[in-house]
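A short worksheet on the structure shown next.
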Amino acid sequence: QVQLVESGGGSVQSGGSLKLSCTVSGYTYRRYCLGWFRQAPGKTREGVAIIASDETTTYADSVKGRFAVSQDNAKRILYLQMNSLKPEDTAMYYCAATSRGGPCRVTPSGGVSAYFDTWGQGTQVTVSS
């Protein structure tokens with residue numbers, strides 16, 4: 001059974017950095033499309049960054065140039081390095097996975113076409129001004 005467990009969230013001042021981790025277990029790691037999503041109070045969930053099995057990465061415009069997604073295949077950990085954080089980055093962050101096919105990418109507006117069927121429990125990121 002696939003399991004995803006996030007860690008690394010916290011509170012930081014505007015301009016600061018955080019690194020989120022997502023430990024992945026229970027499946028053939030390389031065959032999955034992996035991504036980070038976030039949901040702020042009162043807002044819909046949006047895609048933030050996605051990494052495909054060939055290491056191709058895509059980002060929403062709201063985080064491009066500030067966030068970086070990567071994976072350690074040996075340790076089976078997905079990362080999200082977040083720099084130059086802004087108050088509007090405050091949200092619950094989730095990692096997710098899918099092996100169901102579909103475009104493994106996030107659109108500039110944060111949309112995702114692939115159906116992500118496995119989710120972590122989320123980790124809170126709070127950025128104060």
Side-chain angles (χ1 to χ4, degrees):
Q1 184 175 353
V2 178
Q3 288 189 320
L4 305 175
V5 179
E6 303 99 334
S7 61
S11 296
V12 64
Q13 289 192 327
S14 182
S17 298
L18 283 173
K19 186 173 185 177
L20 306 183
S21 300
C22 175
T23 302
V24 184
S25 62
Y27 64 90
T28 306
Y29 190 69
R30 282 187 172 274
R31 292 170 52 194
Y32 273 65
C33 173
L34 301 170
W36 288 97
F37 295 76
R38 67 186 181 186
Q39 187 166 17
K43 295 188 176 181
T44 57
R45 186 173 61 199
E46 63 176 353
V48 174
I50 286 179
I51 185 165
S53 57
D54 64 357
E55 306 289 329
T56 300
T57 57
T58 53
Y59 300 89
D61 279 352
S62 59
V63 305
K64 190 175 292 184
R66 301 186 298 121
F67 289 13
V69 60
S70 62
Q71 57 185 346
D72 183 324
N73 290 319
K75 296 182 179 179
R76 296 197 170 190
I77 301 176
L78 178 71
Y79 298 104
L80 184 67
Q81 177 67 48
M82 304 185 294
N83 300 324
S84 302
L85 283 161
K86 305 174 181 180
E88 50 264 44
D89 295 318
T90 295
M92 185 71 78
Y93 283 72
Y94 301 89
C95 66
T98 181
S99 65
R100 297 194 180 194
C104 186
R105 60 179 180 264
V106 59
T107 68
S109 62
V112 175
S113 297
Y115 178 73
F116 283 79
D117 56 0
T118 302
W119 295 83
Q121 83 287 354
T123 186
Q124 179 68 38
V125 171
T126 303
V127 185
S128 58
S129 57

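For reference, positions follow the sequence shown, starting with 1.
Residues Leu80 and Val106 are members of separate hydrophobic clusters, defined by side-chain heavy-atom contacts under 4.5 angstrom among Ile, Leu, Val, Met, Phe, Trp and Tyr. In terms of hydrophobic clustering, with Ile, Leu, Val, Met, Phe, Trp and Tyr side chains grouped at heavy-atom distances under 4.5 Å, Ile51 and Leu20 are assigned to a common cluster. Under a hydrophobic-cluster definition in which Ile, Leu, Val, Met, Phe, Trp and Tyr are linked whenever side-chain heavy atoms come within less than 4.5 Å, directly or via other members, Val2 and Trp36 are assigned to the same cluster. Hydrophobic clustering (ILVMFWY, side-chain heavy atoms < 4.5 Å, transitive): Val69 and Tyr94 are in distinct clusters.
Annotation: side chain of Glu55 is in contact with side chain of Gln71 (closest heavy-atom distance under 4.5 Å). Contact check for Thr90 versus Gln124: side-chain heavy atoms found under the 4.5 Å cut-off.
For the atom pair Ser113 OG and Arg105 CZ, the distance stands at 6.5 Å (nearest 0.5 Å). How far OG1 of Thr118 is from CG of Leu34: 10.0 Å, rounded to the nearest 0.5 Å. Gln3 CD to Gln121 CD: the interatomic distance, rounded to the nearest 0.5 Å, is 10.5 Å. The CE atom of Met82 sits 11.5 Å away from atom NZ of Lys19, with the distance rounded to the nearest 0.5 Å. To the nearest 0.5 Å, atoms OG1 (Thr58) and NZ (Lys64) are separated by 8.5 Å.
For the salt bridge (Lys or Arg N to Asp or Glu O under 4.0 Å) condition, the pairs that include at least one residue of residues 113-129, sequence neighbours left out, are Arg100-Asp117. Legend: ring-ring contact (aromatic ring centres under 6.0 Å, His included) pairs involving residues 42-89, not counting sequence neighbours: none detected.
Thr98 contributes a side-chain N or O that, together with a main-chain N or O of Tyr115, makes up a donor-acceptor pair within less than 3.5 Å. Looking only at distances, no side-chain donor or acceptor of Thr123 sits under 3.5 Å from a matching main-chain atom of Tyr93. In this structure, Ser14 contributes its side chain and Pro87 its backbone to no donor-acceptor pair below 3.5 Å. Panel note: side chain Glu6, backbone Cys95; a donor-acceptor pair is recorded below 3.5 Å.
Phe37 pairs by the ring pair (Phe, Tyr, Trp, His ring centres under 6.0 Å) definition with Phe116, Trp119, not counting sequence neighbours.
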task = Would you please test Ser17 and Gln81 for side chain to side chain contact (heavy atoms under 4.5 Å, CB included) and show each step?
result = CA-CA 8 Å; Ser17 298; Gln81 177 67 48; 4.0 Å; yes
task = Start with the C-alpha gap between Thr56 and Cys104, add the side-chain angles, then the distance that decides, and say whether side chain to side chain contact (heavy atoms under 4.5 Å, CB included) holds.
result = CA-CA 9 Å; Thr56 300; Cys104 186; over 6 Å; no
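The neighbour count for Lys75 NZ, taken as heavy atoms of other residues, nucleotides or ligands under 6.0 Å away, does not exceed 12.
Remark: Asp89 does not engage Lys86 in a salt bridge, criterion side-chain N to carboxylate O under 4.0 Å.
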